[in-house]
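If you're wondering where the values come from, they're calculated on a predicted model, not measured in any experiment. Lettering of chains follows the sequences in order, A, B, ..., and the numbering in each one begins at 1.
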Number of protein chains: 2
Amino acid sequence: MARSTIADVARLAGVSVATVSRALNGNPSVDPALAERVRAAAIELQYSASPLARSLVLGRTATIAVVVPDLGNPTFQEVLRGLSLAAKAEGYHVLVADSAEAVEEERALALDTRRRTDGVVLVAPRMPDDELAALLPELAPVVLVNRRPDAVPAVGADYGAGVTALLEHLHGLGHRSFAYLAGLERSVSNAARVAAIEAFAERSAITVHRLPGGVDFDAGAASADAVLATGATAALAFNDLVAMGLMSTLQGRGVDVPGELSVVGFDDIPFAAYTSPPLTTAAVPTLRLGELAWAAMSATLGASGAAPAALGSGAREPAADAASAHPLLVPDLVVRGSSGPARR
Amino acid sequence: MARSTIADVARLAGVSVATVSRALNGNPSVDPALAERVRAAAIELQYSASPLARSLVLGRTATIAVVVPDLGNPTFQEVLRGLSLAAKAEGYHVLVADSAEAVEEERALALDTRRRTDGVVLVAPRMPDDELAALLPELAPVVLVNRRPDAVPAVGADYGAGVTALLEHLHGLGHRSFAYLAGLERSVSNAARVAAIEAFAERSAITVHRLPGGVDFDAGAASADAVLATGATAALAFNDLVAMGLMSTLQGRGVDVPGELSVVGFDDIPFAAYTSPPLTTAAVPTLRLGELAWAAMSATLGASGAAPAALGSGAREPAADAASAHPLLVPDLVVRGSSGPARR
DNA sequence: TACTCGCCGGAAAGCGCTTACCCACCGCCC
DNA sequence: GGGCGGTGGGTAAGCGCTTTCCGGCGAGTA
């Protein structure tokens with residue numbers, strides 16, 4: 001029952017292992033008839049080369065690693081999915097590692113998985129800039145998601161643009177006083193949101209109450225009273241999860257959304273359309289983000305893989321940008337029922 | 001910049017590579033002082049053994065593969081997460097493969113990933129029994145999720161029990177006429193549901209209209225009219241996604257849930273609690289399912305890994321069962337707002 | 001017919017590690 | 001003081017492949 005090796009095939013075909021290797025790898029220097037004989041022997045023995053041994057000698061594993069902070073987060077799930085499908089289309093495998101939000105573990109995790117693969121796609125929104133910068137050289141080739149230290153390829157969503165679109169939407173509805181439920185302080189994408197908010201506040205007289213927050217449902221639920229206390233007419237949640245938690249508690253308090261308070265999220269996770277009321281949000285094309293992450297990785301790997309894999313799932317993309325080494329996807333504003341005219 | 005090898009360390013420490021290997025692997029036969037010298041040399045060179053070379057000679061990769069039909073499905077996402085975390089706790093890595101619901105590809109995918117890992121966890125609800133049976137021997141060690149051909153370890157949820165609990169709940173509310181939105185015909189868990197429904201129908205006079213269905217939101221949305229046409233007072237959806245799709249269309253039709261029609265789902269995905277009305281469902285402990293899948297794999301691997309990793313996330317588990325080779329988790333009935341008394 | 005050039009396939013050297021296997025050396029006992 | 005068991009560490013044989021290097025053979029030319 002033991003797996004057959006290249007030596008078995010060589011023996012059966014009556015040739016040397018070198019020839020078997022050449023024949024099976026399509027090296028044109030081997031006589032067609034001989035190659036056929038080898039192939040037949042391989043099939044008879046159900047032989048297929050050991051990826052392990054192959055990797056060792058070739059120096060490539062045809063596998064990439066993906067490190068995410070939380071596999072339970074819909075955003076990272078979609079990125080993973082897009083990445084996984086795109087990589088598969090080019091014959092690559094994906095090793096996934098969930099750092100479980102443990103920032104101090106991310107470095108070791110990334111380094112560890114890197115050694116078993118040809119490269120790593122790192123999603124580490126909370127890792128400090130200096131630590132990240134120090135880590136990158138050891139990780140190369142590496143592609144970053146939602147971080148842009150310029151030194152390496154990166155893909156990301158334009159959080160600033162998304163927030164601005166949401167604010168413009170709300171502003172148009174008459175809102176002037178906002179509550180912002182922040183994400184984690186150290187988060188890069190939180191910083192991008194805050195910057196956009198401040199820029200908007202500067203040019204249109206609005207007031208923004210920044211509230212400490214979190215990234216999940218519970219964080220939103222816990223912030224409801226604080227939001228109401230600000231007297232704001234609209235709440236901008238860090239993401240859809242937070243917005244949903246907020247709305248949930250709000251309903252419990254008997255607060256009318258959007259009558260008394262408009263609530264908007266961010267990301268447009270699959271269920272944002274089915275909350276009550278449906279959530280107004282900025283749709284981040286996360287699946288596409290994963291695909292682009294693969295494209296970037298594939299490019300730096302010099303992968304001369306299979307078909308260029310027509311990547312679908314449209315999303316507004318400045319063509320020049322999507323093709324660059326640092327594509328930045330602009331989220332689409334999705335207006336649903338959770339936002340309405342400001343209460344008087 | 002080239003990575004240092006064991007030979008470099010040997011040279012620096014002034015010993016043979018064999019000694020380096022022994023020292024670094026904690027072989028007690030090496031003199032403590034020497035071992036320390038080797039360790040120092042290794043640190044100086046930032047050496048760490050190549051997992052690839054190590055795997056080749058040891059015959060183990062410290063990696064397992066997980067094959068799922070759709071990474072976009074919350075159920076599989078949670079299973080993957082539970083599995084990934086549990087495996088990580090024992091120093092194992094996870095290679096993930098999304099078959100994208102292409103049943104004909106699953107075999108090749110499983111075989112392929114298997115060769116790069118020490119075992120595979122297979123989630124293939126749609127693969128025909130005979131094909132599955134033929135595949136298993138080639139895959140060993142393998143752990144199945146939601147399939148139970150007895151031949152190999154398997155973990156699963158007791159879909160029959162879950163459906164029965166839902167039916168009892170609805171029956172208690174006075175419902176006698178049901179619509180069942182089936183999953184894919186070939187799906188094993190669909191068969192389990194159907195069997196439970198028929199058994200229930202046999203002992204309590206009810207009528208059940210079986211409708212062709214699907215597994216996603218759209219399938220549910222598309223079935224709304226067919227459900228209404230049956231005149232049933234309660235709809236049992238294949239899963240929460242289908243139930244949500246159904247409710248969504250129902251709302252568009254102005255149908256009152258649960259006033260005119262009760263709707264129940266299955267799985268208790270994270271967002272089931274936040275639909276409008278919140279969804280009554282049977283909670284499948286998917287995270288736990290992933291953990292158990294790892295436990296089963298770990299056991300067959302004879303993994304003498306790190307700490308036995310206290311697996312949390314409670315769920316009603318017949319103790320004897322959870323410890324068995326075929327744990328079957330019983331879903332919890334979760335009553336929310338989408339189910340109510342039958343209309344008269 | 002003798003010589004050269006090409007083409008094909010074999011032998012062997014790794015890829016970076018682990019682990020028999022074996023030898024040298026030390027201390028012990030008689 | 002010489003033989004002997006025990007112990008630590010070196011030598012080398014792989015793990016299953018790929019690829020360089022080289023030799024042999026057939027064909028083409030003079």
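- The distance from atom CZ of B:Arg115 to atom C1' of D:dC17 is 11 Å, rounded to the nearest whole Å.
- Between the side chains of A:Asn25 and A:Arg54, a donor-acceptor pair is found at a separation under 3.5 Å.
- Per the geometry, CD belonging to B:Glu36 stands 14 Å off P belonging to D:dG9, to the nearest Å.
- The overall bend of the helix from C:dT1-D:dA30 to C:dC30-D:dG1, read as the angle between its terminal helix axes built from five base pairs each, is 70° when rounded to 10 degrees.
- Using modelled atom types, one finds a donor on one side chain and an acceptor on the other under 3.5 Å when comparing A:Ser298 with A:Glu90.
- In this structure, the CG atom of B:Leu45 is 14 Å from the P atom of C:dG16, given to the nearest Å.
- At whole-Å resolution of the value, CZ in B:Arg54 and C1' in C:dC17 are 8 Å apart.
- Rounded to whole angstrom, the span from the CZ atom of A:Arg11 across to the C1' atom of D:dG16 amounts to 13 Å.
- Residues B:Ser48 and A:Arg115 bring a donor and an acceptor atom of their side chains to less than 3.5 Å of each other.
- Within the 4.0 Å cut-off from OP1 or OP2 of C:dT18, at least one side-chain nitrogen or oxygen of B:Asn25 is found.
- Across B:Leu287, B:Asn146, B:Thr286, a single residue satisfies side chain to side chain contact (heavy atoms under 4.5 Å, CB included) together with B:Val79, and that is B:Thr286.
- Looking at residues two or more places apart in sequence or on another chain, you find a salt bridge (Lys or Arg N to Asp or Glu O under 4.0 Å) between A:Arg147 and A:Asp129.
- Between B:Val9 and B:Val38, the closest heavy-atom pair is CG1-O, 4.0 Å.
- Residues A:Tyr92 and A:Asp118 come closest through the heavy atom pair CE2-OD2, 3.7 Å.
- Here the closest heavy-atom approach between residue B:Tyr47 and residue B:Ser4 is recorded as CD1-O, 3.3 Å.
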**Protein proximity profile, nucleotides 4-15 of chain C - base contact B, sugar-phosphate-only contact S, no contact -, cut-off 4.0 Å on heavy atoms** = ----SBBB--BB

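- Residue B:Leu58 is classed as a sugar-phosphate contact, given heavy-atom separations below 4.0 Å to backbone atoms only.
- Using a 4.0 Å heavy-atom criterion, one finds that B:Ser21 contacts the bases of the nucleic acid, with or without backbone contacts as well.
- Going from atom CZ of A:Arg116 over to atom C1' of C:dG16 covers 14 Å, rounded to whole Å.
- Here the P atom of nucleotide C:dC17 and the CG atom of B:Asp8 are 9 Å apart, to the nearest Å.
- Taking the side chain as every heavy atom from C-beta outward, A:Leu80 and A:Leu71 approach each other to under 4.5 Å.
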